[in-house]
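Below: one structure, written as structure tokens.
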4 protein chains.
Amino acid sequence: MAAQHQLAPEGDHGPNRRLLDRLLRVRATTEWLSEPLSAEDQAIQSMPDASPTKWHRAHTTWFFEEFVLSRFQPAYQRFHADYGYLFNSYYNAVGRMHPRPQRGMLSRPSVDEIGAYRAYVDGQLTALLQQENLPRQALELVLLGTHHEQQHQELLLTDIKHTLFQNPLLPAYRAVEVSAPAGDTAALRFIPGQEGVVSMGHAGDEFHFDNETPAHKTYLQPHAIAHRPASNAEYLAFIRDGGYRRPELWLSDGWSTLQQRGWDRPYYWQEDLETEFTLTGRQPLDPSSPVCHLSYYEADAFARWAGARLPTEAEWESFARTHLHQVQSLDDGYFHPRAGDPGAPVQHGGVWEWTASAYAPYPGFHPPPGAVGEYNGKFMCNQMVLRGGSCATPGDHLRTTYRNFFYPDARWQFAGVRLARDL
Amino acid sequence: MAAQHQLAPEGDHGPNRRLLDRLLRVRATTEWLSEPLSAEDQAIQSMPDASPTKWHRAHTTWFFEEFVLSRFQPAYQRFHADYGYLFNSYYNAVGRMHPRPQRGMLSRPSVDEIGAYRAYVDGQLTALLQQENLPRQALELVLLGTHHEQQHQELLLTDIKHTLFQNPLLPAYRAVEVSAPAGDTAALRFIPGQEGVVSMGHAGDEFHFDNETPAHKTYLQPHAIAHRPASNAEYLAFIRDGGYRRPELWLSDGWSTLQQRGWDRPYYWQEDLETEFTLTGRQPLDPSSPVCHLSYYEADAFARWAGARLPTEAEWESFARTHLHQVQSLDDGYFHPRAGDPGAPVQHGGVWEWTASAYAPYPGFHPPPGAVGEYNGKFMCNQMVLRGGSCATPGDHLRTTYRNFFYPDARWQFAGVRLARDL
Amino acid sequence: MAAQHQLAPEGDHGPNRRLLDRLLRVRATTEWLSEPLSAEDQAIQSMPDASPTKWHRAHTTWFFEEFVLSRFQPAYQRFHADYGYLFNSYYNAVGRMHPRPQRGMLSRPSVDEIGAYRAYVDGQLTALLQQENLPRQALELVLLGTHHEQQHQELLLTDIKHTLFQNPLLPAYRAVEVSAPAGDTAALRFIPGQEGVVSMGHAGDEFHFDNETPAHKTYLQPHAIAHRPASNAEYLAFIRDGGYRRPELWLSDGWSTLQQRGWDRPYYWQEDLETEFTLTGRQPLDPSSPVCHLSYYEADAFARWAGARLPTEAEWESFARTHLHQVQSLDDGYFHPRAGDPGAPVQHGGVWEWTASAYAPYPGFHPPPGAVGEYNGKFMCNQMVLRGGSCATPGDHLRTTYRNFFYPDARWQFAGVRLARDL
Amino acid sequence: MAAQHQLAPEGDHGPNRRLLDRLLRVRATTEWLSEPLSAEDQAIQSMPDASPTKWHRAHTTWFFEEFVLSRFQPAYQRFHADYGYLFNSYYNAVGRMHPRPQRGMLSRPSVDEIGAYRAYVDGQLTALLQQENLPRQALELVLLGTHHEQQHQELLLTDIKHTLFQNPLLPAYRAVEVSAPAGDTAALRFIPGQEGVVSMGHAGDEFHFDNETPAHKTYLQPHAIAHRPASNAEYLAFIRDGGYRRPELWLSDGWSTLQQRGWDRPYYWQEDLETEFTLTGRQPLDPSSPVCHLSYYEADAFARWAGARLPTEAEWESFARTHLHQVQSLDDGYFHPRAGDPGAPVQHGGVWEWTASAYAPYPGFHPPPGAVGEYNGKFMCNQMVLRGGSCATPGDHLRTTYRNFFYPDARWQFAGVRLARDL
């Protein structure tokens, strides 16, 4: 993924050079991700939970316009009077918004206009960051904006994958020249975890989201965690053992969902159980690669079938602090999870890992005041936490304390499963 | 709309010259209609009942490929193996089809590819029609294909109007330089109609759809029909008199629909009751212009409020044979209905006119054998007949015997109301 | 069904003796029909289109209270202040009403209270009708009320049949001792009908509903009509010939409905195609009996498969005037359609017969003023006319001009099919 | 509620006397709760989440038949072959079941038949428990059955309350002679809780559900908990302060739910905000009584508005162990929550209290093998834990460790809110 790095301007970027570098690099990456997509590809909304590519491009831009430029750049002129309405995602505090399920109705503004919008805001941000003595809050919001945009980079990829999959032609997002390393095919090993009072959550000055704080103590029971995510081959064994036909393996809500939607395999697997749809088109299913595009319900049923369970968030974080030092990410340019290095004792697999923990505030959590406080806290219900990061996550965006979250029936993310056990 | 005529190639077009001229003219008109629309505009499906512009362009092309070229052009190579699946609308007899509500998911094939598809099929059709001694059925199917495409030209316009209206920016389809003539503002006059046994339906050799036949006798009771469609001013009086709040004016199904969908004005009227959305953008509501974008339920309630009723199909046809010699059409290039010439004793208004007649087969109706027999007959239930033609209908596509039909809750067509009375 | 006749009081009933006799007989029949049903049976609403038995009993009573007693009986005291709200079906002109889909939520008033309500109103009506010199309109409304109640008697039976069918125990409504006569098994004969201008609709002073008027002229094309309804055996042949799997036999809306609801046989037929649920419980399917519980879509598809069509309303009425002199009815006490007498040249079969005609006003139709004008006219859209009467229709309630109507997907009525053909 | 105790047979009940006493007492209580309800009241299902009274009566009986009698009583004859199908709630392991939303379709078996079913099973259980040397598992399952039935006693009451509320007549379930004591009107006091590692969950031999185990350690942060549930007066202040109109107070899913369903007050409050529907009919709203019939979303929004939060399950249990020694329950016979004794420093209020904890397995949780293992574990997703018990909970059914759980949008339970705070 060297290409997009070259898009970042060189040279002396003034008093906030590192932030500006990061900003321009992130912004360029979004454009690089959109580049293989035609105007039509970028306009489609394939389901209410997904957004069109060009909407992601505009919304991430609006975030800077709304929370940075209109507040800290005197006499800032908005690019277009209506974009605040069109590209606000869910921030009630800053006004009304276009209904989410209608995002695919917006043929205008065009892809070109959105490109111009991005360039305009990039220019304004660059000018702003040249200034000395910007308030600390402005710099923090720019940094937040880059992380926000990185979140949308992942969504852009998972949403476009979902969109292209609706097309009977099964078009590829892009070709990939990178070849996967020979993957680990060893049996799962369970590594005992820490027991007793441990700390979890983010401490320190580095960037993090509000939902990762405060750092706090929690209590772990005796447990062990698998050295790698479950593989396609292991999941296939679950299917072949009647996994999708045995209600005793499923949560009640999961079984209802399975029946209503006719689930019998991971979302992108083809009916032959030998191929799957990927961002590079239809491909043979690699037995050693981590299984992905599972819902929480499927991850949970698979774990029960395997005589195991999902790790809690606290167990996962404790494990990751000690053992998980390498992650697959968007930076690899592979766009699909793959088996880890056989030599590594513990492996990341390029998938988000469902945990057994419902998404909830940490003890003592308080969202920041103002509109950006709507960022995380208001979603703390009905969703499950995922940890780890995927092949679609920007590498410098992740942390051990990072909390991702989705509804338990969501399948369009790169979500897999790492097993845990009581000891 | 002179422009598109020039696109039709000149010169000697061989044995089927007139048909080929017509074919190329119709095909060019579709392209001319699509021309103001970006790739993104052309990709959106704004509701299950509407189709994307590029789908219309491809489907009308597929019709020729499926019913003409693949049957009558030996060794014809289809442009793309999957287009038969993607662009079949509803012809069960020729195979499976992509689900209608999913047409907006197709970013591929692109607008450019569809342009190439159209050009390829035009070339093949031109070559075919150069041949001597083509079977009569081939020529009839080409002619049918042109009329089929003309139907889709109107749908293309009403669908794109619906699509652009979903966008809060309310973009215009195109600017119009034609100015409307001063409209008739005279009060409605009711013209007595014929009584007793009359003939209706199409007789003769000219092109017509199967549903217009057979010509047959029917019996008319004493009645009279209004000299022009009802105007915006008249409809506004209905609204101001509580028309949308008085259940006694409505059919039971109409009242339920009104309540469920919150109807309180014609579809494209703005809340101010002073402006409306048109293909040329938001415009002042012209009091003298025909009211349009009514459902059947609204037309019927308005008629009841006015102490009148809708004409039956037979009454309408009898009236039109005698009195209606001029129609507004797409050829005027005005893209909106307007009041007729004050001097004309009887006026068309550029709107389809809801009749009181359910769409049903004429006595003795038999659909043609084979797949094209799915054209009209299978829709003969639950829909109401409209007569007359609109500002979006190609002028040479219409006939006095032409039967249009829509569900009674449909509002996105240019549909208005001409009153009738018992005598 | 002799039983209920004995419930009608004897003796001199004063100035309106015949009307009072009829009233009490009709009222007693409703009670006789409800008698086999427990309080729980009477409370259930099995779908929004159906009503609980006790609701039918109360609503028909309310009709007299609202339109007769409260208008013509000075100082009439309503039985309960809230019953007007609870038991108004759809008369917007007399006030608000309890939502139709909520009728099954009403455990109170109890069956006993509704029995008392009926007795109270019967007493009041009896007293009223003893008076001399009642306005003609009062007498007309009492007569209308009896016909209204007879309509509900049929619905009471079809609704309770639907309700009992939802129960896996498949309980019978009542046992029947009447044995069916040996049915006609002769092949269908098609009897040529009248051609040219004919009269249809009700003329004369006898009771009729508003929708049967005015009598008027219409024009019939050459045609012929089957001497009896189609039989179970004939319908079974349609099924075995793939009738439910061949889209070319179906209207487009019918095919969609079939697919959405998984139709593959008439509503009450069991999966074995050898038994069916009836009001007397699960019974063997009699090959010679008329097929029933068809939707319009099924009747239409069957006719197309048979190389025939449905008769129009006008054809049916003309046929019935000449040929149909005997009908099966509720009075037979058989509660199920059966094959007619083999000796009869033309046979009724105890089923309503779907016609090809959409339910619409006759030319010159005007509903009566006031609330009872909501009786028929406001339903004249989206429904199809059925003619003839069924085994659940009171015998003295029917006329040759009687127009029944249902939505084309309705299957819970005793509706079958009589074929017609063009000549 | 002395009445039902007298229904319990007296005398020497043999080797399992205490269990049999308990069994018969619980069974009699169910009958006593059903006694004010007519057959029609008992048949209605007012929403898919609720069940008819007679279904509760039959299902709790089936539980004993399926899990006790058919396993431990040799040659046991089931009362009716189909009841296993009709009255299985959700135990996939013991066979197919009647769909939950169809429970209101069952007019048969009648209330009387279900009474007979209960008597039959009671007799068989009594005979069984006279036996010496019954397997320990049989006794455990009988005990489980009594607790299962007590759960359904509460649901019976909340379901019938919901049912009667659908009736515009707003009928009362029963009159209550007990008068409420003068309630506490003191301001909320926050009582500091324990900090650090604490134990939670059930330990010891007494009856408990599987989901209360294993007892385990957890870690509490500094916090304080209110001395009583929030009152109607406090909740009214929230409403008057725009509580239902301010999105910043709500979880995102809560705000969507509020908008879709038009929530603007607790479920049973009347529009006047001065009266509410109760099991004793429409009553004035008592300002000092605990607010109830809140969803989790409302409880959470109220807490946020109050500058507080909901307690976690662990905080609640730790608090209750120390402070909460008296509970209101069904045994009081008041059928509605009421303010506690002003003299008590800490008060229960007769409402379930929403906690901030999603319903999840305790560390090391394993459901028991076999069908009864479907009891609790399979619901551990998407629901929130409530603690405490309500005015509809049998008094001897509750424990400090008891975990109740409902979806966050559920409002028909007696659910209120006790505030907590970080310290």
Side-chain angles (χ1 to χ4, degrees), chain C residues 34 36-48 50 52-55 57-58 79-88 95-115 117 159-174 281, chain D residues 34 36-48 50 52-55 57-58 79-88 95-115 117 159-174 281:
Chain C
S34 311
L37 300 169
S38 71
E40 295 139 287
D41 292 334
Q42 294 196 34
I44 290 179
Q45 180 175 36
S46 56
M47 63 172 169
T53 299
K54 72 178 186 182
W55 188 93
R57 292 172 64 207
F79 184 75
H80 190 292
D82 292 325
Y83 284 12
Y85 176 77
L86 292 179
F87 300 123
N88 179 357
R96 293 174 54 249
M97 69 208 70
H98 192 237
R100 179 170 188 156
Q102 298 296 312
R103 289 176 187 165
M105 294 297 107
L106 301 177
S107 56
R108 326 276 178 95
S110 69
V111 161
D112 289 344
E113 287 167 310
I114 285 170
Y117 179 36
D159 290 357
I160 197 67
K161 183 173 182 179
H162 191 267
T163 297
L164 296 174
F165 187 58
Q166 308 312 308
N167 193 322
L169 304 176
L170 292 182
Y173 163 67
R174 76 197 313 160
Chain D
S34 311
L37 299 169
S38 70
E40 295 138 289
D41 292 335
Q42 294 196 35
I44 291 178
Q45 180 174 38
S46 56
M47 62 172 170
T53 300
K54 72 177 185 182
W55 188 92
R57 293 172 64 205
F79 183 75
H80 190 292
D82 292 324
Y83 284 12
Y85 176 76
L86 292 179
F87 300 122
N88 178 357
R96 292 174 56 248
M97 68 209 70
H98 192 236
R100 180 171 186 153
Q102 298 295 311
R103 288 177 187 164
M105 294 297 106
L106 302 177
S107 57
R108 327 275 177 97
S110 69
V111 161
D112 288 344
E113 288 167 308
I114 286 170
Y117 179 36
D159 290 356
I160 197 67
K161 183 173 182 178
H162 190 267
T163 297
L164 297 174
F165 186 58
Q166 307 312 307
N167 192 322
L169 305 174
L170 293 182
Y173 162 68
R174 75 197 315 160

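Of all non-hydrogen atoms in D:Glu40 and C:Lys54, the two that sit nearest each other are OE2-NZ, 2.7 Å. For the pair C:Ser107 and D:Asn167, the tightest heavy-atom approach, listed with the atom from each and the gap, is N-ND2, 4.1 Å. Here the closest heavy-atom approach between residue D:Met105 and residue C:Ser46 is recorded as SD-CA, 3.5 Å.
With chain D as partner, the option from C:Gln166, C:Arg108, C:Gln45 having the largest number of non-hydrogen pairs under 4.5 angstrom is C:Arg108. Here D:Leu106 is the residue among D:Leu37, D:Leu106, D:Asp82 with the most heavy-atom pairs under 4.5 Å with chain C. Most heavy-atom pairs under 4.5 Å with chain D, from the set C:Pro171, C:Ser38, C:Ser110: that is C:Ser110. Ranked by heavy-atom pairs shorter than 4.5 Å toward chain D, the options C:Ala39, C:Pro109, C:Ala43 are led by C:Ala39.
Proximity to chain C (any heavy atom under 4.5 Å) is shown, for D:Gln42, by neither the backbone nor the side chain. Looking at D:Ile44, the atoms closer than 4.5 Å to chain C (heavy atoms on both sides) all sit in the side chain, from C-beta outward. Proximity to chain D is absent for every atom of C:Pro52, based on heavy atoms less than 4.5 angstrom apart.
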